[in-house]
Amino acid sequence: MIAIVDCNSFYCSCERLFRPDLNNRPVVVLSNNDGCIIARTDEAKALGVGMAGPYYQNKEVIEKNNVAVFSSNYNLYGDLSMRVMDTMRFLVGDNRVEVYSVDEAFLNLDDVAENKLAAVAKNIKDTVEMWTGIKVSVGVAPSKVLSKVANRLSKKYKKETQGVIVLHTAQQIQEALLKTKVEDIWGVGRQSAIKLNHQGITDGWQLRNVPVEWARKNLGGVVGVRLIKELNGTPCIPMKDPLEVKKMIATTRMFGKPVYELKDLKEAVATYVSRAAEKLRRQHCAASFIDVFVVTNGFKNAKYEYNPQSAHRHVILPNATSNTNEFIKYALPLIEMLFTPGLKYLKAGIILSGIVPDNSIQGNLFIEDATKQQRTLMNTIDNINFSQRDDIIKYAASGLKRNWKMRQELRSKRFTSRWNELYEIK
DNA sequence: TCTGGGGTCCTAGGACCC
DNA sequence: TCTGGGGTCCTAGGACCC
């Protein structure tokens with residue numbers, strides 16, 4: 001059996017943890033640049049605040065109802081996420097936890113006796129909440145897709161379920177699927193939902209009974225087949241090895257305000273490259289492929305409309321590396337090639353791939369010493385920056401003023417990672 | 001005036017090989 | 001004049017996830 005543990009309105013819960021006065025007030029958290037709403041508490045949902053909706057479109061209802069609004073504070077959320085995950089690892093064992101996202105993890109409960117599942121799930125929930133202060137919901141079922149179904153219902157019917165649902169018998173599974181619309185099933189996106197509804201398939205139980213061959217033809221080939229099998233209780237999406245490394249690392253941001261100068265674009269690209277290289281080194285890997293892209297504001301019908309257009313350039317490095325210097329050296333010419341004077345740039349980003357473990361980098365005898373020195377330098381910079389959860393040490397190419405940086409006007413304090421922002425009790 | 005960021009997996013089609 | 005069958009690898013793009 002598999003459990004999914006999911007933090008309730010995670011970002012909002014993090015904010016409330018240090019602001020107990022907000023416990024009965026609706027709270028929302030905004031995306032980078034304060035653009036979209038990316039987390040809402042139940043109270044905010046009840047007011048009709050839309051998920052992933054633009055902030056400005058919801059401003060009226062937010063102000064009228066005294067909703068507390070925060071810019072995203074990734075320092076804080078990352079730190080609390082680590083505590084939640086560590087707690088679960090302690091409870092069920094390191095290699096039985098698959099961190100699926102910042103606020104969710106799959107747990108392998110294969111070794112738990114069937115009659116103990118509910119008690120174990122409840123204990124996981126209570127312990128995480130007691131140790132971290134973050135509320136979670138737990139869904140347990142024979143497959144990942146069904147555990148997500150269980151988890152969703154445990155949230156929806158919080159009062160009756162106490163935030164825990166175990167789907168075990170055929171009857172429990174059928175009842176749960178009957179209560180779940182196809183578009184609420186993990187793996188069914190907008191396109192598939194439209195197709196299914198067209199066929200008169202609207203709930204999870206109907207979807208479960210769709211012929212496998214129909215799913216292969218109409219729901220994305222093997223992806224669709226897997227989905228149907230998972231709904232039937234046959235696990236087809238295995239638990240991931242916690243040691244698996246990322247195959248692609250991207251850093252991209254909208255600019256705080258539109259950018260017109262090559263100089264600013266170069267600073268941004270150098271900054272993003274530094275961040276991505278740091279993530280790469282954290283998983284002890286090197287990369288040989290770098291893609292740089294920009295998003296410009298297109299124009300439609302000669303009048304202004306939001307109509308973004310993107311352009312990419314990439315280069316394959318002669319040797320995989322994890323050295324920020326190297327990446328910057330290759331990335332800056334790419335952005336120069338992409339730049340067209342006069343265009344309005346909204347966003348830039350870089351993607352590293354061709355990722356290999358850094359102990360398997362093809363050796364070059366003549367650069368060995370320099371490489372070792374560089375590695376030491378990188379480690380030192382990473383250690384200092386990690387201890388501050390910020391890029392205290394940066395490359396000159398990243399610029400100093402950085403007036404393209406994103407807006408975060410409503411960010412709370414970094415309570416858990418800065419001495420001078422500690423929570424104070426008077 | 002204003003619409004996030006970071007991933008995964010799959011498929012189709014082209015280039016290339018024997 | 002006629003032009004196979006089987007395979008690999010790579011890339012772009014789509015769909016989906018939180």
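Predicted model only: the values in this text are computed from it and were never measured. Each chain gets a letter, A, B and so on, in the order the sequences are listed, and its residues count up from 1.
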Should the heavy atoms of other residues, nucleotides or ligands under 6.0 Å from NZ of A/K181 be counted, would the total exceed 12? no
Return whichever of A/A250 or A/G220 has its heavy-atom-nearest nucleotide of DNA chain B closer to the 5' end. A/A250
A/T252 side-chain N/O to B/dG6 phosphate OP1/OP2 under 4.0 Å: yes
Can you tell me how the ring of A/Y11 sits relative to the ring of A/Y74, calling it parallel under 30°, perpendicular over 60° and tilted otherwise? perpendicular
Expressed in angstrom and rounded to an integer, what is the separation of A/K247 atom NZ from C/dT11 atom P? 16 Å
Distance in angstrom units between A/I351 CD1 and C/dT11 C1', rounded: 13 Å
Verify whether one side chain among A/N123 and A/T127 offers a donor that lies under 3.5 Å from an acceptor in the other. yes
NA contact type, A/V222, heavy-atom cut-off 4.0 Å: base, sugar-phosphate, or nothing? sugar-phosphate
Tell me which nucleotide among B/dG7, C/dC18, C/dT11 gets nearest to the side chain of A/K246. B/dG7
Separation of B/dG4 P from A/I37 CD1 (nearest whole Å): 12 Å
Pair up each side-chain donor or acceptor in residues 26-40 of chain A with any protein partner under 3.5 Å, not counting sequence neighbours, and list the distances.
residue, atom, partner, partner atom, Å
A/S31, OG, A/G35, N, 3.4
A/S31, OG, A/C36, N, 2.9
A/N33, OD1, A/R407, N, 2.8
A/N33, ND2, A/F255, O, 2.8
A/D34, OD1, A/S71, OG, 2.8
A/D34, OD2, A/S71, OG, 3.4
A/D34, OD2, A/E409, N, 3.1
A/R40, NE, A/V49, O, 3.0
A/R40, NH2, A/V49, O, 3.2

I need the CG-P distance between A/N151 and C/dC17, as an integer number of Å. 15 Å
Start at the 5' end of DNA chain B and walk down; is the nucleotide closest to A/I38 or to A/K279 reached first? A/I38
Side chain A/E43, main chain A/R25, donor-acceptor under 3.5 Å: no
Quick one: is A/R253 getting a side-chain N or O under 4.0 Å of the B/dG6 phosphate, OP1 or OP2? yes
Which of the following nucleotides, C/dC17, B/dG7, B/dG4, is nearest to the side chain of A/Y100? C/dC17
Closest listed nucleotide, where the reference is the side chain of A/R226 and the choices are B/dG7, C/dC18, B/dC9: B/dC9
Indicate every side-chain donor-acceptor pair of residues 259-270 of chain A with a distance under 3.5 Å to a residue at least two apart or in another chain.
residue, atom, partner, partner atom, Å
A/K266, NZ, A/E336, OE2, 2.9
A/E267, OE1, A/W404, NE1, 3.0

Nearest whole angstrom, please: distance from the P of B/dC10 to the CG of A/N218. 18 Å
Tell me whether A/K179 forms a cation-pi arrangement with A/Y157, defined as NZ or CZ under 6.0 Å from the six-membered ring centre and within 45 degrees of its axis. yes
Using the side-chain heavy atoms of A/S192, tell me which of these nucleotides is nearest: C/dA15, B/dG5, B/dC10. C/dA15
Between B/dG7, C/dC17, B/dC10, which nucleotide has the shortest distance from any of its atoms to the side chain of A/M248? B/dG7
Whole-Å distance, A/Y77 OH to B/dG6 C1', equals 17 Å
Any idea which of B/dT8, B/dC10, C/dC18 is nearest the A/K240 side chain? B/dT8
Report yes or no: does A/S154 contribute a side-chain atom to a donor-acceptor pair with the main-chain N or O of A/G139 at less than 3.5 Å? no
For A/R253, which residues count as a side chain to side chain donor-acceptor pair (under 3.5 Å) partner, sequence neighbours excluded? none
Is it true that a side-chain atom of A/K158 and a backbone atom of A/G163 form a donor plus acceptor pair closer than 3.5 Å? no
Within residues 54-65 of chain A, which residues have any heavy atom lying less than 4.0 Å from an atom of DNA chain B? A/P54, A/Y56
Is A/I350 touching bases, backbone alone, or none of the nucleic acid, heavy atoms closer than 4.0 Å? nothing
Write down the distance between CG (A/L219) and P (C/dC16), rounded to a whole number of angstrom. 9 Å
Please check if the side chain of A/D203 supplies one atom and the backbone of A/W205 the other of a donor-acceptor pair under 3.5 Å. yes
Look at the side chain of A/N65 and the backbone N and O of A/V67, then say whether any donor-acceptor pair between them is shorter than 3.5 Å. no
Ignoring the backbone of A/M254, work out which of B/dT3, B/dC9, C/dC16 is nearest its side chain. B/dT3
Near DNA chain B, counting only heavy atoms under 4.0 Å, which residues of residues 26-36 of chain A show up? A/S31, A/N32, A/C36
In terms of side-chain heavy atoms, does A/S137 have a donor or acceptor partner in A/N8 at a distance below 3.5 Å? yes
Please report, rounded to the nearest Å, how far the C1' atom of C/dC16 is from the CD atom of A/Q191. 10 Å
The helix from B/dG5-C/dC18 to B/dC18-C/dG5: angle between its terminal axes, five pairs each, to 10°? 10°
